[in-house]
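So that the names make sense, note that chain A is the first sequence line, chain B the second, and so on, each numbered from 1.
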Amino acid sequence: MPRKQIAQFEVPYLQILDAQGQIDPQLDPQLPTDELLRIYRWMVLARATDQRMLKLQRQGRIGTFGPSTGQEAISVAAACAMGDDDWFVGAFRELGGRLVRGEPLTSPYLFYNGYEEGNLQPESSRQRLLPINIIVASQCLHAVGIGYALKYRQERAAAVAFMGDGATSEGDFHEALNFAAVWQAPVVFISQNNQWAISMPREQQTRSQTLAQKGIAYEMPSIQIDGNDALACYVAVREALQRAYDGGGPTFIEAVTYRLMMHTTADDPGRYRTSAEEDEWWQQEPLGRLRTYLTAKKIWDDDQEEALQTEIKAEVDQAVVEFEAMGNFLPDIPFDHVYGTRHASIEQQRREFLTNLEQEAGDA
Amino acid sequence: MPRKQIAQFEVPYLQILDAQGQIDPQLDPQLPTDELLRIYRWMVLARATDQRMLKLQRQGRIGTFGPSTGQEAISVAAACAMGDDDWFVGAFRELGGRLVRGEPLTSPYLFYNGYEEGNLQPESSRQRLLPINIIVASQCLHAVGIGYALKYRQERAAAVAFMGDGATSEGDFHEALNFAAVWQAPVVFISQNNQWAISMPREQQTRSQTLAQKGIAYEMPSIQIDGNDALACYVAVREALQRAYDGGGPTFIEAVTYRLMMHTTADDPGRYRTSAEEDEWWQQEPLGRLRTYLTAKKIWDDDQEEALQTEIKAEVDQAVVEFEAMGNFLPDIPFDHVYGTRHASIEQQRREFLTNLEQEAGDA
Amino acid sequence: MPKLNMVQAINLGLAQEMARDDSVIVMGEDVGVDGGVFRVTDQLIEKFGAERVLDTPLAESAILGSAIGMALAGLRPVAEMQFSGFSYLMLAQWEGHASRYRARTLGQFTVPLVVRMPFGGGVRALEHHSESREAYYAHTPGSKVLIPSGPRNARALIVAAIRDPDPVVFMEPKHSYRAFREEVPEAEEVGKIGKAQLVQEGNDLTVISWGAMMRPTRKAVAAVTEQRGAGIEVIDLLTIAPMDAGAVVASVTKTGRCVVVQEAPRSFSVASEIIALLNDEALLYLEAPVKRLTGYDVVTPYFGREKSYIPTVGRIVRGIEETLDF
Amino acid sequence: MPKLNMVQAINLGLAQEMARDDSVIVMGEDVGVDGGVFRVTDQLIEKFGAERVLDTPLAESAILGSAIGMALAGLRPVAEMQFSGFSYLMLAQWEGHASRYRARTLGQFTVPLVVRMPFGGGVRALEHHSESREAYYAHTPGSKVLIPSGPRNARALIVAAIRDPDPVVFMEPKHSYRAFREEVPEAEEVGKIGKAQLVQEGNDLTVISWGAMMRPTRKAVAAVTEQRGAGIEVIDLLTIAPMDAGAVVASVTKTGRCVVVQEAPRSFSVASEIIALLNDEALLYLEAPVKRLTGYDVVTPYFGREKSYIPTVGRIVRGIEETLDF
Ligand SMILES: Cc1ncc(C[n+]2csc(CCOP(=O)(O)OP(=O)(O)O)c2C)c(N)n1
Ligand SMILES: Cc1ncc(C[n+]2csc(CCOP(=O)(O)OP(=O)(O)O)c2C)c(N)n1
Ligand SMILES: [Mg+2]
Ligand SMILES: [Mg+2]
């Protein structure tokens, strides 16, 4: 039957640097050398930290954590594209981006060793970096509220929210994109589509061909990008930020990437995916291709690489030493931060707690 | 910059009978006369019931309720298109459809007078009619589960879920459409876009041009229809049901209509919209245009109309009489239905309750 | 001093705080142009504009979740849940974020915000519009839960809630919205969070209640006092959490008898906690079991039956008498 | 009889019920191919196929909401919340529908379903993976809340929950998942919902606990018994709601002293309700205040500090002794 079509939509895609590290000259953003090297360095540091954490976890020196190896490009490039006044609103797989934003190198260890101290941002920093968020998709809404506040205060700044592919199934994701669009809030939503939500493959998470098309539901500019291509990530985020600063409202970016390691150290991917699949994605991982490009561009060579690896190993070693030297974790600190005001009932429980603690010490 | 487009989408629209009651001959579904008259009769009955309820509410004979005047076409046509084995999963503005599905004429009064008895379906009926649902969008998920169960049991049947335009903002709406699409569950989602969610106009509820395009997020066949055109409603729902029966999964239908009355009897639309807007929509209301069409088609005339009105008034009168004669509402019935099993603590509270009740009677 | 009902009093408090501090933002479904379905936010949009009085789309988790973001970024949002019965849609944001941000960051990030919500029955409303579930919020560490009982304390407490450094659930007993008026001074009054109000002193028995139940409670107390000349002490809890344990314990230590009147279901409730508190601190002073006059552990009936399920003056009178006579 | 841990025991119960009744469907995040993040649903997809063991998308409200639909249409879904800390996302569906459908329709529509969820701390897990919030569900009328404490009762209770006509929240103490093994008979055992278990008789004091706290409780009781020769009665609650008031009251009426051990925060909790119950029914028998050995009213600390916040054997021993010596 002949029916009217009343609206049309398209989903664009961006890749600048392909899996072999070849650049599409038409799309080359011509980033300055120091910016390119800065991005690369953070990615290398993120990878090194991630791998060290894995080791520490296996040795029982920190608790369960979720590695981000293979996903360095998107959060690092986004963080590098961001301005100081922008807010970084992460989930739990943006280690690289967090470090770029000034998180102390010791924080990941502290956090994954079970101390809230790992959430503290340096007093000197702008502190526009929210702590790791574990309730899937819930942080998307915080970004919207922050965006609204920035707009209300007429700050030229935006909130950048990260979430996984699985996160797009949660109601909070939907509500966040809708609110952001209605408010035309300066927010950049970045879904790290790493193909898996624990054991759930992307194709079973949702029936849509792309995650990017979910933005159509909110009339939101949306794009799918190669999330392992640091240049595409940088360009797409910069564009989205520009739009946000200029009052153009939110953007949704689907960054196609891959979780090369286990979901968390408690997970065994062997139960649900093949190593062949993993191998294939290792061919497309972001560090190698960026290095190839930098080398081809002649702004990087093997000596520099070696020096960088040595330097970064020392940094990571140093951070671990510092972390392990930390010790003064006051036991009753939770009583200090239930409320911002003092209450007799909480103080009474604190006394009870401390008495108990003393007695426990005696038990031992 | 030249960017690839990786997916395209279109949103179709269907209107068969225009606001003047003119049919598009190319789209005429050629419904049998008795089916056309059946649809019309239910719409008239729904309107009459709605208006009577309004009167009763104003007289304090029932409590707050939300009128559906102006929205009769979509729920009635959908219910008429449905098979006996299909499930009707409503929100709270589908009075017509509920009546079609066999809800006793006394039930709306009972329900809106504060008695769960208004949710009872005749024992003789198929009972695939869920009670009114007040938590906006929550019922969408029930329809998905029912759809899954039907598929699992290999029944050739579907669940038809209704929701408002405002409902599309809730997380439950999103989660429901995603689950239904992933499961390819036989579900028809019908959003009655009546332009308002209490005082919130459709344009501020979401930024999307259409609600229909929200289905794209789930790769779900979606369509916008003239929800005041009973023929378009019937055709669209029948098509969607057919798809569901045939294993083609869910469909999303945006039915464009208008809430001609207040949100509920506790609401004053004068605070947020003009009567000019209301007047304009009165020109497009569904009963008049269907009657025009039936008359033009020469299967209906003024005498028949008059007879119908008389007949329906009598039916409505009779229902109100029956409703008002009902009285034996056992006070402790809530204790019977907390659980399907008996528990001492509940029974003890029941005794306490009954003792209190006796004493209260003494107080008076 | 103008005589205001509770709706007007809260409205006054909101308007004054908005005038005082431009970081205060009001948001929720129908709070703007419509002025709120109960008119609590009436005229605020005219006074402060649509940027500060936000008519949001229909999504409770988003309302709180975005309010949390605003609070993190330095605003002081006052978000409305249209009815408490729909607030469970935001409980994950409440339990997971609002109540935790301070602890999670050892005080570095905080979320000073208020969630207002009408609750409770007795207004012949539809399903989900009549429940009392203050215990959910009270049981959530990091939450402050306030329930005013009259226009004057409602105004003082909403002001306190807005200025408080912590997230506050402000539950408004809708049955009391227009039930009576009180003089509410134009001049600033700031309630004290964490403090109960000693409504009336007495030596024979303590009645503890809050919210809409304060009215039948006071009537019942008046009746018993008149009939028996008993000295009944009355406490209006006002803050549910963190509770004013001192006031409760001091009173019952003195009177030795206690009745708790609450609309919510009985088990695992605020009344239960009051009893537990008295057990901890005042057991040896108790001359009778503490009596819980509460809703029953049944699914809140539709309004046709609700009345019998909400404590009445007569029931409270009898409860007090039984406890006096124990 | 095979010796099973709790994970295996629940798995056995699920497998047997699925084999017995094809209306039983298991669903949730990662419950299928992965067998559940704790392996509670291990191998079920191999045994019963992907139509009966559903790996769902990541959305808790949808998991319960669609399970409600399935139950309305005659299935018996057993839905998993991956951790109780994410279950608040479905509380609106629980409070608004699962717990109400029967009452709303006077028994015409019912939702026999089970929501399983691991809860509680002590496993060095990330934020939101360590809470105990059984009180939320227990306070919701129409809800049944079960907490097993060992492999054998876990198997018997999951079977009972699946066959029950009502929605059941089945909270699995994750600290006990692999902590110990018990003999669990292959043959059918069906637990009794609403019945506590008298673990050990005694005349001097009653200890009431549930879930993971049963183990330190038993150890503490053994220690006190050994040291002092006291006769301590131990009750394992098993059903939190509707609670077995009879068992609790009978025991404390006999012993006159009571200690409640719970992991959840203290206020507005299950422990509070037990005290309220004893106040109602056994006050005159109490020779000492009922002691609450519980979590504190603080935001659950990250695991670096959590241990001190969970009741330990030593703390329970002291609590029992203090109550004996009162
Ligand atoms: C609301 C919620 N439900 C469940 C979980 C448990 N969980 C943690 S991560 C995860 C999968 C997330 O997948 P995705 O969004 O794709 O992010 P990724 O882990 O791949 O980075 C799940 C189910 C959670 N943290 N929050
Ligand atoms: C979850 C939830 N939030 C708020 C409400 C209060 N409320 C009832 S109807 C309504 C507006 C619904 O709008 P829409 O979905 O467009 O349906 P309509 O009333 O127009 O039929 C609101 C906000 C509710 N019932 N449920
Ligand atoms: Mg993922
Ligand atoms: Mg509407």
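- Between B:M262 and B:T264 the shortest heavy-atom distance is CG-O, 2.7 Å.
- Heavy atoms closer than 4.5 Å to chain C are found in both the backbone and the side chain of B:E352.
- For residues 85-98 of chain C, a heavy-atom distance under 4.5 Å to chain B picks out C:F86, C:L89, given by residue number.
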Full working for salt bridge (Lys or Arg N to Asp or Glu O under 4.0 Å) between B:E360 and C:R315: CA-CA 7 Å; B:E360 304 272 308; C:R315 190 170 154 209; over 6 Å; no
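- Residue B:D165: no heavy atom, backbone or side chain, is found under 4.5 Å from chain C.
- Put simply, of C:A59, C:S61, C:G32, the one with the most heavy-atom pairs under 4.5 Å next to chain B is C:A59.
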Can you give me every donor-acceptor pair (side chain of residues 108-115 of chain B, partner residue at least two apart or in another chain, under 3.5 Å) with its distance?
from: B:Y115; atom 1: OH; to: C:G304; atom 2: O; distance (Å): 3.4

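- In this structure a side-chain-to-backbone donor-acceptor pair under 3.5 Å is present from B:R93 to B:P67.
- The contact between C:V37 and chain B is made entirely by side chain atoms (from C-beta outward), counting heavy-atom distances below 4.5 Å.
- Residues passing the side chain to side chain contact (heavy atoms under 4.5 Å, CB included) test with C:R178 are C:N5, C:V7, C:R39, sequence neighbours excluded.
- Residue contact with chain B, scored on non-hydrogen atoms closer than 4.5 Å, is absent for C:E306.
- For B:P334, the parts lying under 4.5 angstrom from a heavy atom of chain C are both the backbone and the side chain.
- Contacts of B:I346 with chain C are made by side-chain atoms alone, with heavy-atom separations under 4.5 Å and no backbone atom involved.
- A donor-acceptor pair is defined here as one N or O able to donate and one able to accept, closer than 3.5 Å; such a pair exists between the side chain of C:K174 and the backbone of C:H129.
- Neither the backbone nor the side chain of B:L354 comes within contact range of chain C; no heavy atom of the residue lies under 4.5 Å from a heavy atom of that chain.
- If you measure heavy-atom distances from B:A167 to chain C, the contacts under 4.5 Å come from the backbone alone.
- Side-chain atoms of B:S275 never come within 3.5 Å of backbone atoms of B:E278 as a donor-acceptor pair (strictly under, hydrogens ignored).
- Heavy-atom distances place the side chain of B:L357, and not its backbone, under 4.5 Å from chain C.
- Among all heavy-atom pairs drawn from C:S272 and C:R292, the shortest one is OG-NH1, 3.1 Å.
- Judged by distance alone, the side chain of B:E254 and the main-chain N or O of B:L211 form a donor-acceptor pair under 3.5 Å.
- B:Y218 and B:F173 have perpendicular rings, their planes meeting at more than 60° on a 0 to 90° scale where under 30° would count as parallel.
- When ring centroids are compared, C:F83 and C:F119 stay outside the 6.0 Å threshold.
- When all heavy atoms of C:M27 and C:S66 are compared, the closest pair comes out as CE-OG, 3.4 Å.
- Using a 4.5 Å cut-off on side-chain heavy atoms (C-beta onward), C:V40 and C:L14 make contact.
- In terms of heavy-atom pairs under 4.5 angstrom with chain B, the leader among C:T300, C:V299, C:T312, C:V317 is C:T312.
- Contacts between residues 318-326 of chain C and chain B, counted as heavy-atom pairs separated by less than 4.5 Å, involve C:R318.
- Chosen from B:T64, B:I198, B:V338, the residue pairing most often with chain C at heavy-atom distances under 4.5 Å is B:I198.
- Between C:D42 and B:R271 a salt bridge is recorded (basic side-chain N to carboxylate O distance below 4.0 Å).
- Counting all heavy atoms, side chain and backbone alike, B:A143 lies closest to B:A161 at CB-CB, 3.6 Å.
- If you measure heavy-atom distances from C:S308 to chain B, the contacts under 4.5 Å come from both the backbone and the side chain.
- Nearest heavy-atom pair across C:S132 and C:P265 is O-CD, 3.8 Å.
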